[in-house]
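Labels below follow one simple rule: chain letters A, B, ... track the order of the sequence lines, proteins then strands, and each chain is numbered from 1. As the structure is a prediction and not an experimental result, all values here were calculated from the model.
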Amino acid sequence: MSTSLETPDAPASAEHTPPDRDLAQLGLAALLVVIGAYTFYEATTLRIGFGDPVGPRVFPYVIGAITVLLGLLLVLATFRGDVPQAEGGEDIDLRQPADWVTVLKLVGVLLFTVLTISFVGWALSGAVLFVGSAWALGSRTLVRDVIVGLVLSVSSWYFFHEVLGVILPAGILDGVL
Amino acid sequence: MDSLNLLMDGFGSILTPQNLLFAAIGVLLGTFVGVLPGIGPAMAVALLLPVTYGLDPIPAFIMFAGIYYGGMYGGSTTAILLNTPGESASVMTALEGNLMAKVGRASQALATAAIGSFIAGTIGTMLVVFFAPALASVAVELGAPSYFALMVLAMVSVTSVLGGSPLRGFIALFLGLTIGLVGLDLNTGQTRLSFDQPLLAGRIDIVVVAVAIFALGEAFWVAAHLRRSPVRVIPVGQPWLSGTDLKRSWGPWLRGTAFGFPFGALPAGGAEIPTFLSYVTEKKLAVRRGNDEFGRGAIEGVAGPEAANNASAAGTFVPLLALGLPVTATSAVMLAALQGYGIEPGPSLMTDQPDLVWALLASLLLGNLLLLVLNLPLAPVWAKLLRIPRPQLYAGILFFATLGAYATNLQAFDLFLLLVLGLLGLMMRRFAIPVLPLILGVILGPLMELKLREAMAISGGEVSALWSEPLAVVIYVIVALAIIAPLVLRTVRPAPAAVAVDEGIAVDRSDEEEKVR
């Protein structure tokens, strides 16, 4: 499931004029069919227990089958001209074509956090996350962002440590904090 | 009056200076997060849930109740000042509220929302105090078949009755059900959809799912479409109500409460329908009085839906506490929270852990009161939060989302799941797949399977056991109606796209919804 989600579907061609068809929806439909089919397939590999008339298979069978069916229905709907009504908002400008590069940068920053948090520790990792995301989203006030990020991450570390009793990893700052 | 005495005992156990401090921190944090644009109450609660994990149950409740009400109020502040409803329940508030703000009456809109929320929340919670024990004593008699039917009802009503496209609703629901399958099957000890990952063998934490789908999904979606022009925020003075405003507000507050509570208490939930009904009713009454300000910022149009929203939120505690059934995204997260505090909601909760239940209800009343006391004076401060530059704002949301998901289990793997599910959230927004059915699917799916297996184990595999209880039969009839009615109506008249701003459509839709009931 993860691999197919890593790449958001092909950039929607024309967001400003509502298209007659949204062929990118077929990607979602394909994903649904794959998820449903795998769920169904995996259920066949499960052992059935004793004294349990329903067993572990029934739910995945039903869910998998219906998910496949929904994928097929979505294909049908797409060709019949079903176009998603994307959600707007004050910070969202749907007239511009989607900017997937920014999204990819954010994904990169988050991936970096996932990979480093265990040994770098929250106080630094969190600050990098903040600065990196702000930069990806177009902020160019680097010094201010670094200060804000450090204050946020160090103070949240202390808040969790002192007030809530949750020990976030200190990482390479172990002993300093 | 037994319930009242128990409630007083509840107050007795929570009223300490330290607990009041936790309540105040909760209200402030909840409002802080709830005010951020694009974050609704469900997301605020999910984001802040880990903050309460290290505490004992009672301080945790109290802080949590504060977060809950703070998040709700923060959501209405954003709706009024920015016209950005964080979730569908505050869409109606945004309509007139934002118009009021534009004509310079933001303070009055915020004040009527705050006081209305307080009144509706207080009345609603008091009704929970009386209804939940009664329902729980009935619910003890209910068997697994009726529970199964109730869950089917909750899923179907959220998926097909609300929202524009049933197909998209069901896609969301089944994605959620699939996520709910991941992990250990308790009966046979086998893992499902876990790809031999030991960390997936436990279920995926609902907090991680909710934070990912709501917060990351939203941040990614905004990142893809960020408006590069500065935001205009309407300045706010000290919220206050003049005598006339007060006179115009109290009717809508009470009527909104009357609409909201029953809808919240029935497992067919959501605040969309009652807020909508309240809006339409107030509008009709205003026309009849010959004093129709609707469309130009009518205070009734804020007071009514806001009260309906809060009363319905309070009402959702009835099925949540008495049946263990969440019917909204917020209550789904709340169920996870209660389980985290060692409370297993359901019919036996009231008899097994009465002291905790009453402490929780007392905390809700206290949180509601503190919200009013703290937030009326602080409103101008919250409004300033809306001016945070967008890159830093969304960076902050990602920061807190990551912190929240990480602090739950301290597993880097949870952050990876967060990222993957966040991309799913992005995809759902891109294709206009609603979020709520997914969250309900994740939380209700496993419960549903449990009840089905329970029912079948008792009946020895006889499928007819599923409709062996009268209540179950009644519910299935309602489910059938809920599925068929919108389909029939849709063929008669195309469904309105989003919110019916136009008054003609608004009145039409209320008729439809009455037919659906």
Name the region of A:Phe130, side chain, backbone, both or neither, that has any atom closer than 4.5 Å to a heavy atom of chain B.
-> both
From B:Leu444 atom CG to B:Glu449 atom CD, the distance as rounded to the nearest 0.5 Å = 13.0 Å
Checking B:Tyr406 against chain A: side chain, backbone, both or neither under 4.5 Å from a heavy atom?
-> side chain
Is B:Arg430 paired with A:Asp22 through a side-chain N to carboxylate O contact shorter than 4.0 Å?
-> yes
If you count heavy-atom pairs under 4.5 Å between each of B:Ala407, B:Gly422, B:Ala395, B:Pro59 and chain A, which one has the most?
-> B:Ala395
Are B:Phe399 and A:Trp122 close enough that their ring centres sit under 6.0 Å apart?
-> yes
Of the listed A:Ile63, A:Thr113, A:Leu110, A:Val101, the one with the largest count of heavy-atom pairs under 4.5 Å with chain B is A:Ile63
In terms of heavy-atom pairs under 4.5 Å with chain B, the winner among A:Gly132, A:Ser139, A:Ala127 is A:Ser139
Hey, which of B:Leu177, B:Leu193, B:Asp185, B:Val222 has the most heavy atom pairs under 4.5 Å with chain A?
-> B:Leu193
Do you know which of A:Gly71, A:Ser153, A:Gly149 has the most heavy-atom pairs under 4.5 Å to chain B?
-> A:Ser153
Can any side-chain N or O of A:Arg144 pair as donor or acceptor with the backbone N or O of A:Leu142 at less than 3.5 Å?
-> no
If you round to the nearest 0.5 Å, how far is CG of A:Leu74 from CG of A:Asp82?
-> 7.0 Å
Check whether A:Leu129 gets within reach of chain B through its side chain, its backbone, both or neither, counting any heavy atom under 4.5 Å.
-> side chain
In terms of heavy-atom pairs under 4.5 Å with chain B, which of A:Gly55, A:Gly36, A:Pro56, A:Ala134 leads?
-> A:Pro56
Given a strict heavy-atom distance threshold of 4.5 Å, which part of A:Ser156 is in contact with chain B: side chain, backbone, both, or neither?
-> side chain
Non-hydrogen atoms of A:Leu168 and B:Leu410 that approach each other most closely | CD2-CD2, 3.7 Å
SB check B:Arg192 A:Glu42 (cutoff 4.0 Å) | no
Under 4.5 Å heavy-atom distance to chain A, tell me which part of B:Leu216 shows up: side chain, backbone, both or neither.
-> side chain
Side chain, backbone, both or neither: which part of A:Leu115 has a non-hydrogen atom closer than 4.5 Å to chain B?
-> neither
B:Glu462 backbone acceptor or donor facing B:Ser459 side chain under 3.5 Å | yes
Tell me, side chain or backbone of A:Ser125 under 4.5 Å from chain B's heavy atoms, or both, or neither?
-> neither
A:Ala77 versus chain B, heavy atoms under 4.5 Å apart: side chain, backbone, both or neither?
-> side chain
Residue pair B:Pro145 / B:Ala465: nearest heavy atoms and the distance that separates them = CG-O, 3.4 Å
